[in-house]
S.K.: 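Before I ask anything, here is the structure I am working with.
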Amino acid sequence: MDTNKTITTDSGIVIKQIYCDPIRMDETPGQFPFTRGVHAAMYRDRLWTMRQYAGFSTAQESNKRYHFLLGQGVSGLSVAFDLPTQIGYDSDHAMSEGEVGKVGVAIDSIWDIEELFDGIKLSDITTSMTINATGFILLAFYIALAKKQGADIKKISGTIQNDILKEYAARGTYIYPPTPSMRIITDIFEYCSKEVPKWNTISISGYHIREAGANAVQELAFTLANGKAYLKAALDKGLDINIFAQRLSFFFNAHNNLFEEVAKFRAARRMWATITKDLGATDPRAQMLRFHTQTGGSTLTAQQPKNNIVRVALQGLSAVLGGTQSLHTNGYDEALSLPTEEAASIALRTQQILAYESGATDTVDPLAGSYYVEALTNDIEAASWAIINKIDAMGGSVKAIEQHYMQDEIARSAYAYNNAIEDGSKIIVGVNKFTSAEMSTPSLLKIDDSIRIVQTEKLAKLRAVRDTHKAMACLATIKSKAQGTENIMPAVIDAVENLCTLGEIADVLRELWGEYKG
């Protein structure tokens with residue numbers, strides 16, 4: 001985009017790039033503390049990345065959806081993985097029965113990754129992968145495929161979620177205990193800072209904390225507290241905060257209260273700038289909070305599902321007004337099933353309408369200076385600091401999770417919200433008010449259990465053709481590195497290149513570190 005281009009309203013009124021309050025000139029977009037945005041021109045310079053979260057069935061089926069989305073104008077891919085992949089089981093494992101390909105795509109080996117991105121050059125796209133406990137293995141698959149495609153891995157870009165602390169607090173797809181899990185994460189920080197410098201090594205997630213029932217203040221406080229824990233773990237490993245902190249990103253939820261959500265995003269940037277500065281960051285790029293937003297899955301209703309199109313538009317608008325760097329908008333049918341192609345298309349068109357028709361991108365931080373928004377920003381910040389200070393007093397996020405503090409607070413918030421819906425003090429249109437006796441059910445996307453048979457046959461073929469001796473040697477090397485202090489990432493990449501499976505790699509570390517029982 002041309003930032004010097006004159007932009008006007010439909011009535012011909014010229015719109016400035018930024019509107020400033022002369023009393024608050026210290027808060028300038030692109031400068032510390034970044035309350036008003038991480039870039040001086042924001043969307044006048046470059047729009048957010050339009051991602052659509054997709055993955056289901058086999059890699060081959062998901063690949064078809066990716067080509068469809070790329071053809072519709074998405075500017076980045078976002079991969080959903082099935083439950084066995086998330087918790088480190090191959091599709092043929094007994095624990096995988098009934099779950100293969102259901103809530104995301106099944107990935108067992110590099111063969112699946114090759115099919116997932118067939119016809120897609122990794123050097124030409126950015127890819128976000130929502131994966132945590134096995135994030136290091138999926139990153140290894142991705143790097144191995146990029147090398148196979150002839151890409152310069154120093155130039156490939158994307159994100160792995162890799163946020164294990166929120167799994168303990170809110171979601172539950174963890175494998176290993178907190179200490180070795182944190183070790184894996186800092187190994188990823190270290191490896192990528194040298195070998196894959198454009199890769200975002202973690203997406204510290206408030207999204208799932210909010211989906212579990214937290215309110216906006218808790219989402220912000222718990223997420224930043226977790227981020228602080230990752231910073232301290234990396235510093236303890238001897239890493240340079242001015243380098244590794246540049247590749248940390250965040251993942252927030254957007255719910256229906258437009259102004260509270262905008263204020264939350266503004267407060268988040270200001271708070272993270274303070275946290276990183278206090279821990280020694282001097283490079284502005286290491287102090288910036290960059291974030292992806294997804295509209296609120298838990299806000300979608302099975303009743304009158306097309307109302308969700310309006311909810312998603314409202315939530316997407318809050319993310320844009322709040323200065324997101326990347327956005328996924330949910331399909332209107334996601335309270336009922338995985339999104340159909342029609343629903344995914346409408347969700348993407350929602351972003352495109354926000355970008356090109358709403359005028360929300362014409363000036364930086366459009367709601368700045370609003371008495372209400374500025375007060376909300378300050379109030380959300382103050383309430384979040386109070387929670388973070390309490391967590392610090394416990395010894396940080398890991399200790400707070402071990403003491404069940406975060407889990408209990410989220411449960412209390414979820415209970416209060418549900419009670420408010422039941423007693424009618426919180427109105428949900430189509431659910432507890434303005435209801436309809438007539439139920440309309442859209443066409444749904446169904447995944448059957450035959451996917452497991454396909455994946456099992458593929459795994460049998462892989463194990464038959466690979467060099468078994470070499471594969472077992474690779475697994476032994478991973479165990480040896482994990483027992484010591486050497487970075488495990490090179491060994492994991494070597495293993496996937498030699499056709500070791502995701503489950504085999506996860507199991508080696510299960511045997512060594514055990515499983516966390518919560």
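For the numbers below, each heavy atom of this structure counts, side chains included, while hydrogens, waters and symmetry mates do not.
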S.K.: Answer yes if the side chains of Arg452 and Ser91 hold a donor-acceptor pair under 3.5 Å, and no otherwise.
M.R.: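 Checked: Arg452/Ser91 side chains show no N/O donor-acceptor pair below 3.5 Å.
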S.K.: Looking just at side-chain N and O atoms, do Ser326 and Thr49 make a donor-acceptor pair shorter than 3.5 Å?
M.R.: no
S.K.: Considering all heavy atoms of both residues, which atom of Ser318 and which atom of Ala254 are nearest to each other, and what is their separation?
M.R.: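 The pair with the smallest heavy-atom distance is OG-CB, 3.7 Å.
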S.K.: Assess the side chains of Thr293 and Asn253: does a donor N or O sit below 3.5 Å from an acceptor N or O?
M.R.: no
S.K.: Quiz question: by atom type and distance under 3.5 Å, do the side chains of Asp108 and Thr501 form a donor-acceptor pair?
M.R.: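 Judged by distance alone, the side chains do not pair up.
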S.K.: When you check the side-chain N and O atoms of Ser205 and His208, is any donor under 3.5 Å from an acceptor?
M.R.: yes
S.K.: Check whether any side-chain N or O of Gln218 sits under 3.5 Å from a backbone N or O of Asn215 as a donor-acceptor pair, and report yes or no.
M.R.: yes
S.K.: Look only at the side chain of Ser384 and the backbone of Ile380, and say whether a donor-acceptor pair between them is shorter than 3.5 Å.
M.R.: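 Yes.
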S.K.: Mark yes or no for whether Asn63, through its side chain, and Leu116, through its backbone, hold a donor-acceptor pair below 3.5 Å.
M.R.: yes
S.K.: If you measure only the distance, is there a donor-acceptor pair under 3.5 Å linking the side chains of Glu211 and Ser298?
M.R.: yes
S.K.: Which ring pair (Phe, Tyr, Trp, His ring centres under 6.0 Å) pairs, counting each pair once, include a residue from residues 101-132, with sequence neighbours left out?
M.R.: Phe117-Tyr142
S.K.: How would you list, by chain and number, every residue that makes a side-chain hydrogen bond (donor to acceptor under 3.5 Å, both in side chains) with Thr223, sequence neighbours excluded?
M.R.: none
S.K.: Answer yes or no: are there more than 12 heavy-atom neighbours, outside Gln60 itself, under 6.0 Å from its atom CD?
M.R.: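 Count not over threshold, so no.
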S.K.: Describe, in one word, how the ring planes of Phe250 and Phe252 are oriented to each other, choosing from parallel (under 30°), tilted (30 to 60°) and perpendicular (over 60°).
M.R.: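 Aromatic pair Phe250/Phe252 classed parallel.
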S.K.: Within the 3.5 Å criterion, strictly below it, is a donor on Gln315 or Thr299 matched to an acceptor on the partner's side chain?
M.R.: yes
S.K.: Side chains of Lys166 and Gln161: does their closest heavy-atom pair fall under 4.5 Å?
M.R.: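 Of all side-chain heavy-atom pairs linking Gln161 with Lys166, at least one is under 4.5 Å.
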S.K.: Going by ring pair (Phe, Tyr, Trp, His ring centres under 6.0 Å), name the pairs with one or both residues in residues 451-500, residues two or more places apart or in two chains.
M.R.: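 Counting only pairs at least two positions apart or across chains, no ring pair (Phe, Tyr, Trp, His ring centres under 6.0 Å) contact touches residues 451-500.
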S.K.: Scan for ring pair (Phe, Tyr, Trp, His ring centres under 6.0 Å) pairs involving residues 498-518, sequence neighbours excluded, and state none if there are none.
M.R.: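 Every pair satisfying ring pair (Phe, Tyr, Trp, His ring centres under 6.0 Å) with a residue in residues 498-518: Tyr168-Tyr516, Tyr174-Tyr516, Tyr176-Trp513.
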S.K.: Applying side-chain hydrogen bond (donor to acceptor under 3.5 Å, both in side chains), name anything that partners Asn330, two or more places apart in sequence or on another chain.
M.R.: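 Partners of Asn330 by the side-chain hydrogen bond (donor to acceptor under 3.5 Å, both in side chains) criterion, ordered by chain and then number, come out as Gln294, Thr295, His328.
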S.K.: Could you verify whether a donor N or O on one side chain and an acceptor N or O on the other, from Arg247 and Thr201, lie under 3.5 Å apart?
M.R.: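 Their side chains do not contain a donor-acceptor pair, so the 3.5 Å distance test is not met.
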S.K.: Among all residues two or more places apart in sequence or in another chain, which pass the salt bridge (charged side-chain N to carboxylate O under 4.0 Å, His left out) test with Glu261?
M.R.: Arg210, Lys264
S.K.: Glu486 side chain to Gly484 main-chain N or O, any donor-acceptor pair under 3.5 Å?
M.R.: no
